[in-house]
**Q** 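Encoded as structure tokens, here's the structure I'll be asking about.
Naming: A, B, ... by sequence-line order, numbering from 1 per chain.
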Amino acid sequence: MKFIISNTDSKSNARCGELHVDSGVIHTPIFMPVGTVGSVKGVHFRELREDIKAEIILGNTYHLYLRPGMEVIQQAGGLHQFNGWTKPILTDSGGFQVFSLNHRRKITENGVKFSSHIDGSVHEFTPENVIDIQRIIGSDIMMAFDECTPYPATEEYAQTSMQRTHRWLARCYNQWQETIPLYGKYQSLFPIIQGSTYPHLRRQSAEFVASFDFDGNAIGGVSVGEPTELMYEITELCCNILPKDKPRYLMGVGTPANILECIGMGIDMFDCVMPTRNGRNAVLFTRNGIMNMRNEKWKHDFSPIDEESNLYVDREHSKAYLRHLFINGEMLGSMIGSLHNLHFYLWLVKEARKHIEEGDFASWKNEMVKKVSTRL
RNA sequence: GGGGGGAUACCAGAGCGGUCAAAUGGGGCAGACUGUAAAUCUGUUGGCGAAGCCUUCGGAGGUUCGAAUCCUCCUCCCCCCA
């Protein structure tokens with residue numbers, strides 16, 4: 001993996017560059033659409049490639065392991081072969097499921113035992129087998145197995161959890177070192193900083209993670225319910241410790257405003273379900289603000305969804321028609337909403353790159369944050 | 001011609017003397033969603049308001065301390081037999 005920083009902003013910590021992996025080149029800062037089970041919900045791969053111009057998507061270890069299962073993925077020749085997405089793939093380790101499926105798992109030093117949300121069967125995930133699974137999936141960027149610490153967490157719990165995640169990281173590292181890719185493509189491993197909202201724990205975790213010299217580093221355990229300002233403080237603190245010459249990935253973030261602010265702190269990679277989930281549920285993000293397409297106010301608005309957009313659905317369909325689709329529960333509404341939001345997110349990070357290159361990122365960002373946060 | 005069953009809020013439909021401004025669905029309106037157990041979930045839906053008050057259960061009368069609930073008549077709808 002090669003990370004080339006081409007420009008840094010003089011008035012912020014924003015930077016732009018290129019991340020080269022065997023499956024392709026990723027222009028940073030980048031937004032990565034989430035495709036948990038090997039599919040970005042409601043969006044065709046052709047749209048992902050040609051309309052949204054996604055450069056990398058996510059997959060999830062826990063979900064893919066349960067279904068379709070590793071024998072199918074391996075027989076297919078990895079996830080790229082299975083779903084036809086030839087560009088880069090990053091897989092989350094299942095660490096988020098330790099958080100989101102907390103009522104059906106048990107954490108031990110060895111790993112986490114999940115009772116499957118599908119059929120209740122018990123499966124143990126360990127730092128070692130999570131690496132093995134991601135080897136079979138064949139993701140370009142594998143994530144270390146962690147516990148996404150819930151918020152709020154006591155300092156004691158946050159520390160215990162963080163230290164265990166650190167021990168797991170060392171085991172992930174060893175397993176990564178001792179295994180090789182199955183399909184001939186190099187696979188990076190990114191460690192994940194935890195430590196909840198405690199600055200000294202975050203600092204400790206960031207230093208621990210940085211000491212390994214991985215290809216890139218991630219910040220986890222954010223946007224789990226804590227106030228936005230706290231999330232910003234933690235992100236900034238971590239960015240200041242992480243090596244400058246390695247890509248920084250802020251996991252699970254976020255709103256358009258979150259992404260812009262965190263690019264300003266030096267984050268290079270983002271992923272979030274928000275564009276797809278909200279798009280599916282009728283909430284559209286646009287350069288002028290947020291629209292709930294179910295609202296009655298759009299009933300007679302026959303203007304295009306977004307006339308400034310170069311996405312065909314934004315220009316060819318009216319707000320009134322999109323509202324009609326959502327009100328009727330038509331799946332096309334959800335598909336258009338998802339497509340629109342992802343296109344907007346990718347447009348947003350592309351604009352950010354442009355302004356970093358042009359040197360006016362900070363002022364552009366401040367103005368844009370206001371615009372995209374407006375409720376229309 | 002004879003016999004029977006109904007009419008409840010936007011719709012469907014419970015309730016069958018007080019705890020009923022009236023269950024439950026649907027529809028409407030609004031909100032939430034941040035490494036996806038989510039094409040999901042939540043709130044609200046007679047009027048004005050803080051408590052509270054006012055007008056509602058086809059229409060008109062009546063019984064009762066009290067009626068959506070009981071009685072009488074009227075209007076309309078459905079079913080069965082001829």
Side-chain angles (χ1 to χ4, degrees), chain A residues 31-43 56-64 66-67 89-105 114-120 130 139 141-151 165 190-194 218-228 230-232 235 249-259 261-262 267 269-285 290 292-299 323 325-338 341 345 375:
Chain A
F31 178 79
M32 310 181 280
V34 179
T36 306
V37 297
S39 143
V40 176
K41 293 186 194 299
V43 182
I56 171 171
I57 63 172
L58 260 67
N60 182 281
T61 301
Y62 167 87
H63 288 282
L64 289 168
L66 289 182
R67 265 197 319 219
I89 292 176
L90 178 150
T91 40
D92 184 32
S93 60
F96 185 72
Q97 280 62 45
V98 180
F99 161 77
S100 65
L101 300 178
N102 69 84
H103 57 288
R104 35 193 333 135
R105 54 71 172 158
F114 285 98
S115 104
S116 157
H117 68 284
I118 298 164
D119 61 7
V130 159
S139 50
I141 301 174
M142 308 188 287
M143 297 306 299
F145 192 48
D146 67 333
E147 178 193 357
C148 176
T149 312
Y151 176 86
T165 289
F190 281 20
I192 303 170
I193 298 170
Q194 288 294 336
I219 302 166
V222 292
S223 59
V224 286
E226 78 282 11
T228 305
L230 210 45
M231 190 259 278
Y232 288 158
T235 301
Y249 165 29
L250 185 61
M251 307 184 77
V253 174
T255 65
N258 291 162
I259 288 172
E261 294 293 1
C262 295
I267 296 292
M269 303 160 72
F270 299 88
D271 79 284
C272 191
V273 303
M274 207 169 241
T276 40
R277 182 183 286 170
N278 286 28
R280 206 162 56 239
N281 293 317
V283 173
L284 265 62
F285 298 101
I290 302 161
N292 183 337
M293 296 314 299
R294 264 196 277 260
N295 287 175
E296 195 171 23
K297 64 194 292 188
W298 312 118
K299 194 171 185 175
R323 172 179 197 270
L325 294 178
F326 278 115
I327 292 294
N328 280 280
E330 284 293 315
M331 66 174 90
L332 183 59
S334 292
M335 293 165 70
I336 291 174
S338 303
N341 279 348
Y345 267 59
R375 289 205 152 262

**Q** Would you say that Gln97(A) contacts Asp92(A) through its side chain, given a criterion of any heavy-atom pair below 4.5 Å between the two side chains?
**A** yes
**Q** According to the Watson-Crick and G-U wobble definitions, with both distances under 3.5 Å, which nucleotide is paired to rA14(B)?
**A** none
**Q** Mind checking Asn295(A) for me? I need base, sugar-phosphate or nothing, with any heavy atom below 4.0 Å counting as a touch.
**A** sugar-phosphate
**Q** Test of understanding: with ring-ring contact (aromatic ring centres under 6.0 Å, His included), list the residues that count as partners of Tyr249(A), not counting sequence neighbours.
**A** none
**Q** Return the nearest nucleotide to the side chain of Phe96(A); candidates are rG28(B), rA39(B), rA37(B).
**A** rA37(B)
**Q** With a non-hydrogen cut-off below 4.0 angstrom, is Gly42(A) in contact with a base, only sugar-phosphate, or nothing?
**A** nothing
**Q** Scan Gln194(A) against the nucleic acid and name what it touches under 4.0 Å (heavy atoms): base, sugar-phosphate only, or nothing.
**A** base
**Q** Name the nucleic acid region contacted by Asp271(A), choosing base, sugar-phosphate or nothing; use a 4.0 angstrom heavy-atom cut-off, strictly under.
**A** sugar-phosphate
**Q** Are Cys148(A) and Val224(A) close enough that some pair of their side-chain heavy atoms sits under 4.5 Å apart?
**A** yes
**Q** Pick base, sugar-phosphate or nothing for Val283(A), based on heavy-atom distances below 4.0 Å to the nucleic acid.
**A** base
**Q** How long is the line joining CE of Met293(A) and C1' of rA30(B), in whole Å?
**A** 15 Å
**Q** Report the distance from atom CD of Gln97(A) to atom C1' of rA38(B), rounded to the nearest whole Å.
**A** 13 Å
**Q** Between Arg104(A) and Ser115(A), is any side-chain donor less than 3.5 angstrom from a side-chain acceptor?
**A** yes
**Q** Within a strict 4.5 Å, meaning less than it, do heavy atoms of the Phe326(A) and Ser334(A) side chains meet?
**A** yes
**Q** Per the atom types in the model, does the base of rG35(B) pair as donor or acceptor with the side chain of Asn60(A) at under 3.5 Å?
**A** no
**Q** Among the candidates rA37(B), rC33(B), rG35(B), find the nucleotide nearest to the side-chain atoms of Asn278(A).
**A** rC33(B)
**Q** For Cys148(A) and for Lys299(A), find the nucleotide of RNA chain B with the closest heavy atom, then tell me which residue's nucleotide is more 5'.
**A** Lys299(A)
**Q** So, OP1 or OP2 of rG35(B): does either fall under 4.0 Å of a side-chain N or O from Ser223(A)?
**A** no
**Q** For the residue pair Phe96(A) and His63(A), is the inter-centroid distance of their aromatic rings smaller than 6.0 Å?
**A** no
**Q** Using whole Å, report how far CG of Leu284(A) lies from P of rG31(B).
**A** 14 Å
**Q** Side chain of Leu58(A), heavy atoms from C-beta onward: which of rG35(B), rA39(B), rA30(B) has the nearest atom to it?
**A** rG35(B)
**Q** With side chains defined as the heavy atoms from C-beta onward, is the minimum distance between Glu296(A) and Arg323(A) less than 4.5 Å?
**A** yes
**Q** Please determine if a side-chain N or O atom of Thr36(A) lies less than 4.0 Å away from the OP1 or OP2 oxygen of rU36(B).
**A** yes
**Q** How do Thr149(A) and Asn281(A) order along RNA chain B: which one's closest nucleotide is nearer the 5' end?
**A** Thr149(A)
**Q** How many whole angstroms separate atom NZ of Lys297(A) from atom P of rG31(B)?
**A** 9 Å
**Q** Out of rU34(B), rC33(B), rA37(B), which has the shortest distance to the side chain of Asn258(A)?
**A** rU34(B)
**Q** Give me the distance, rounded to whole Å, that separates rG15(B) from rG58(B) when you measure between the P atoms they each carry.
**A** 15 Å
**Q** For rA50(B), give the paired nucleotide (Watson-Crick: N1-N3 plus N6-O4 or O6-N4; G-U: N1-O2 and O6-N3; both under 3.5 Å), or none.
**A** none
**Q** Regarding rU36(B), can its base be found pairing with the side chain of Arg67(A) as donor and acceptor, where the two atoms are less than 3.5 Å apart?
**A** no
**Q** Under 4.5 Å between any side-chain heavy atoms of Thr276(A) and Pro33(A), yes or no?
**A** no
**Q** Roughly how many Å is it from CG in Asn341(A) to P in rU36(B), rounded to a whole number?
**A** 17 Å
**Q** Specify the separation, in whole Å, of atom CZ of Arg104(A) and atom P of rU36(B).
**A** 17 Å
**Q** Write down the distance separating the C1' atoms in rA67(B) and rG62(B), rounded off to the nearest Å.
**A** 12 Å
**Q** If we take the C1' atom in both rA14(B) and rG6(B), what is their distance in whole Å?
**A** 15 Å
**Q** Both distances under 3.5 Å, Watson-Crick or G-U wobble: report the partner of rC57(B), or none.
**A** none
**Q** If we take the C1' atom in both rG4(B) and rG59(B), what is their distance in whole Å?
**A** 23 Å
**Q** Taking a pair as Watson-Crick or G-U wobble with both distances under 3.5 Å, which nucleotide is matched to rG66(B)?
**A** none
**Q** Counting any heavy atom closer than 4.0 Å, what does Leu250(A) reach on the DNA or RNA strands: base, sugar-phosphate only, or nothing?
**A** nothing
**Q** Might you point out which heavy atoms bring Ser338(A) and Val43(A) nearest each other, and give the distance in Å?
**A** CB-CG2, 3.7 Å
**Q** Taking atom P in both rG66(B) and rG3(B), what distance in whole Å separates the two?
**A** 36 Å
**Q** Taking only side-chain nitrogens and oxygens of Asn292(A), does any of them come within less than 4.0 Å of OP1 or OP2 of rG31(B)?
**A** yes
**Q** Report the nucleotide, chosen from rC33(B), rA37(B), rG31(B), that has the shortest atom-to-atom distance to any side-chain atom of His63(A).
**A** rA37(B)
**Q** Round to the nearest Å and state the distance from Glu296(A) atom CD to rC10(B) atom P.
**A** 17 Å
**Q** How many Å lie between CE on Met251(A) and P on rU36(B), as a whole number?
**A** 8 Å
**Q** For the side chain of Leu101(A), starting at C-beta, report the closest nucleotide among rC29(B), rU34(B), rA37(B).
**A** rA37(B)
**Q** Both distances under 3.5 Å, Watson-Crick or G-U wobble: report the partner of rC41(B), or none.
**A** rG31(B)
**Q** Is there a side-chain polar atom (N or O) of Arg280(A) under 4.0 Å from OP1 or OP2 of rU40(B)?
**A** no
**Q** Ignoring backbone atoms, establish whether Arg375(A) has a side-chain N or O less than 4.0 Å from OP1 or OP2 of rA32(B).
**A** yes
**Q** Any N or O donor-acceptor pair linking the side chain of Thr276(A) to the base of rU36(B) at under 3.5 Å?
**A** yes
**Q** On a whole-Å scale, what distance lies between the C1' atoms belonging to rG35(B) and rC29(B)?
**A** 34 Å
**Q** Rounding to the closest angstrom, what is the interatomic distance between rU8(B) and rU69(B) at atom P?
**A** 13 Å
**Q** Determine the Euclidean distance between corresponding P atoms of rG43(B) and rU24(B); express it in Å to zero decimal places.
**A** 11 Å
**Q** Is any side-chain N or O of Arg294(A) closer than 4.0 Å to OP1 or OP2 of rA32(B)?
**A** no
**Q** Report yes if a donor N or O on one partner sits less than 3.5 Å from an acceptor N or O on the other, where the partners are the side chain of Asp92(A) and the base of rG35(B); otherwise report no.
**A** yes
